[in-house]
Amino acid sequence: MTALIIRGGTVIDSTGTRTEDVGVVDDRIVDVAAAPDSATVIDATGCVVSTGLVDLHAHMGEPGDEAAETMESGGRAAVLGGFTTVLVMPNTMPPVDTAAVVEHIRTLANAALCHVEVAGCITVDRAGTHLAPLGELAEVGVRFVTDCGAGVQNPLLLRRALEYTTPFGLTIAQPADCVELSVGAEMHEGEWSSWLGLPGAPSEAEEIMVMRDIALARLTGARLHFQTLSTARSFALVAEAQRAGITVSAEIASHHLVLCDADLSTYDTSRKVEPPLRELSDVAAVRHDVSSGLIDCIVSDHTPHSTDRKERPFDAAEAGSVGLETALAVALSQDIAISQVLRAMSWRPAELLGLGSPSERTITPGVTADLTIIDPHERFTVSTQTQATAGTNSAFEGAELRGRVRTTIVDGRVVVHEGEITQ
Amino acid sequence: MKHLLSIDELSEADLREILRITPSFAEVAQRRIAKVPALRGQTVALLFYEDSTRTRLSFEVAAKRLSADTLNVSVKTSSVNKGESLRDTAETIEAMGIDAVVVRHRSSGVPWQLTKWLDASVINAGDGWHQHPTQALLDCFTLQQKLGDLAGSHIVLVGDIKHSRVARSDVQALTMLGAEVTLVAPPTLLPPAIGTWPVRTSHDLDASLVDADAVYLLRMQSERQHEALVPDLREYSTLYGLTAARAAKLSPHVPILHPGPMNRGVEIAADVPDLEQVVVVDQVRNGVAVRMAVLFLLLGSGVNDLPKVHAQPQADANVGTAV
């Protein structure tokens, strides 16, 4: 039996903020009075105790790209970043388009310190031509399906996917990129791409797809989740659709809360991401949207690469940044109220993933003890040399961030303590 | 100044300094022994990932006239190996003890990336659509020879601005020197956010030429019609080419520039390049001098060591004195 008492922290969950001690026995939260005297005491003075963070968007290398990341290294990165559950993307090799691959990844995921949920593909081989066996994927517990990359381009096929999955409770997740409009793009199209001489993707290439997919969600009544939207207008469109009662949700990658196209002025390939870094005005607007609760989720969009894939000319470098160990701190460094950050990084993504509604997944006795303890004031400097991820590509390399995970508890087990892996 | 990566990294004073010292190097070329020992013992690597005979030769001649050793690193590129590790290349060059690297690459930004791993000076000889700073320097020098001070002069650049590193560098350099720049192109061949550039734009070449002090034609590539940026090259020539009729209306004092190589019959009508006011040969000649000036500023021992300018260099090209 493991028993813990978390003492002196500020507890924040969807029901509010309070100063309270929390007990844990085995894998459950208990009333602190019910914890035995032998319980290990964790001092959370000055810290925030939150329900565990949930990441709806991470690439963990396995299977097929073990040089960039493994479940073991990615799992360590996740819990150090405060995540107790990570949804891994299906653009693996082979892609997650059969139940057998789902089961294989679950076996691999035993090496991860966090819970791993597996997303499936919408179409076979992510090729955008034939539907993957969506019923079979749902049968083995898949809750999200996405083709990653640019998303399903064919509107008829997407319509069919939305209609077909309704009985299974699957969520169709789509990045938004009209590939014919963004062809060849290496960055956001605007003043900076104009001077830097790089082909750009206009914001409209994203927004056109957001409009189209909202229309298809309305047509089918199915649930649709937008992955890593990046422009101010995209989120405004989603918010408007939500007000109209259409069941859509959206996530933003943490780097889009801070970095903009001007940050590419030295052709730093670690900041080449997809969708691209947008304009300063977008960054200001999306930060405001997180603060006001308009944006459902903040995700890491953790995309590890080995060094050689980034030390190339900008147009030949792979896109993506690692993010599991920085996403929370990036959000907390932006003067967004911590309760809004936790809503977007814990209870709202948990709800979308089917891990429980915000009123069920709270810090109250009987709930699974997935907990994250955060010192919102501690500063640290980002260095992929010292990070747990095997990826060497951080868009925040060298940046000073505020807000550090002190302790991460998964199923009642302390996997991170004092900011270090315990085992 | 350690590197020459782009015009906008130069101050106006840097730019004027390069143009000020260039005549000293132009004069060297006139000598019987067209060589000064300024960079003796230094090695300049010419790292060309993209074919460019004239720019490579120009840099090579410039380096040799300053007595530097040159090293041609020809890098065969194809779409297959465009994923080469830049760091490996940079570290190889670094290990050979090279003092300056002149780099040409099809991808924007490569010269910046190389500076991360190199102690040597990096000179950008053209990167993607981005910058070609020595081209802009030689253009400004040539224009100053023809027009004098460029402040207030009206320079018209015509053609594919969007994909042109020459245009980006020239716009920055010319506006830094006080010139007024008009870009004439179909809207599809202008960069995005062109409204933020310090230029005027026009789609009417005839109207723009009325008060032009100089005309700069850019190379129009046939592949642009396949990307639906223009319907075809014939229409392009009609609307945006320097046709014989347009050239005839220009004052003979208006110099016509082109970065080369010219597509006769596309951006410039077949016989127009033979007009006296076409200064392409001056551009090539000045290219060597301006590149000597750049190499000298980056690698040399200071302006006190400049080659001495003879009073009238053209008058007696056979008199050479050691410096």
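The sequence lines fix the lettering, A, B, ..., with proteins before strands; numbering per chain opens at 1. Because the structure is a prediction, the values reported are computed rather than measured.
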Are there more than 12 heavy atoms of other residues, nucleotides or ligands under 6.0 Å from atom [atom1] of [X]?
| X | atom1 | answer |
| --- | --- | --- |
| A:E274 | CD | no |
| A:L157 | CG | yes |
| B:H203 | NE2 | yes |
| B:D51 | CG | no |

So does B:R87 pair up with A:D308, basic N to acidic O under 4.0 Å?
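Here B:R87 does not pair with A:D308 in a salt bridge, since their nearest N and O are not under 4.0 Å apart.
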Check each atom of B:Q172 against the heavy atoms of chain A and say whether the ones under 4.5 Å are side chain, backbone, both or neither.
side chain
Which region of B:W197, side chain (C-beta onward) or backbone (N, CA, C, O), has a non-hydrogen atom less than 4.5 Å from a non-hydrogen atom of chain A, or is it both or neither?
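Its backbone and side chain both get close to chain A.
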Polar side-chain atom of [X] near backbone of [Y] as donor-acceptor pair, under 3.5 Å:
| X | Y | value |
| --- | --- | --- |
| B:S108 | A:G197 | yes |
| B:Q113 | A:R312 | yes |
| A:S194 | B:P192 | yes |

Pairs of heavy atoms under 4.5 Å with chain B: top-ranked of A:E191, A:E318, A:R309, A:K310
A:E191
Are any of the side-chain heavy atoms of B:K116 and A:T266 separated by less than 4.5 Å?
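Not touching, per the 4.5 Å side-chain cut-off.
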Could you check whether any side-chain heavy atom of A:P199 comes within less than 4.5 Å of a side-chain heavy atom of B:W129, counting everything from C-beta outward?
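Yes, side chains in contact.
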Centroid separation under 6.0 Å, is that true for the rings of B:H130 and A:F314?
no
Verdict with supporting geometry, B:T196 and A:W192, side-chain contact (heavy atoms from CB on, under 4.5 Å)
CA-CA 10 Å; B:T196 62; A:W192 279 94; over 6 Å; no
Output for pair (B:D127 CG, A:Y267 OH), nearest 0.5 Å, gives 5.5 Å
Separation between CG of A:L196 and OG of B:S6, rounded to the nearest 0.5 Å
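These two atoms lie 9.5 Å from each other.
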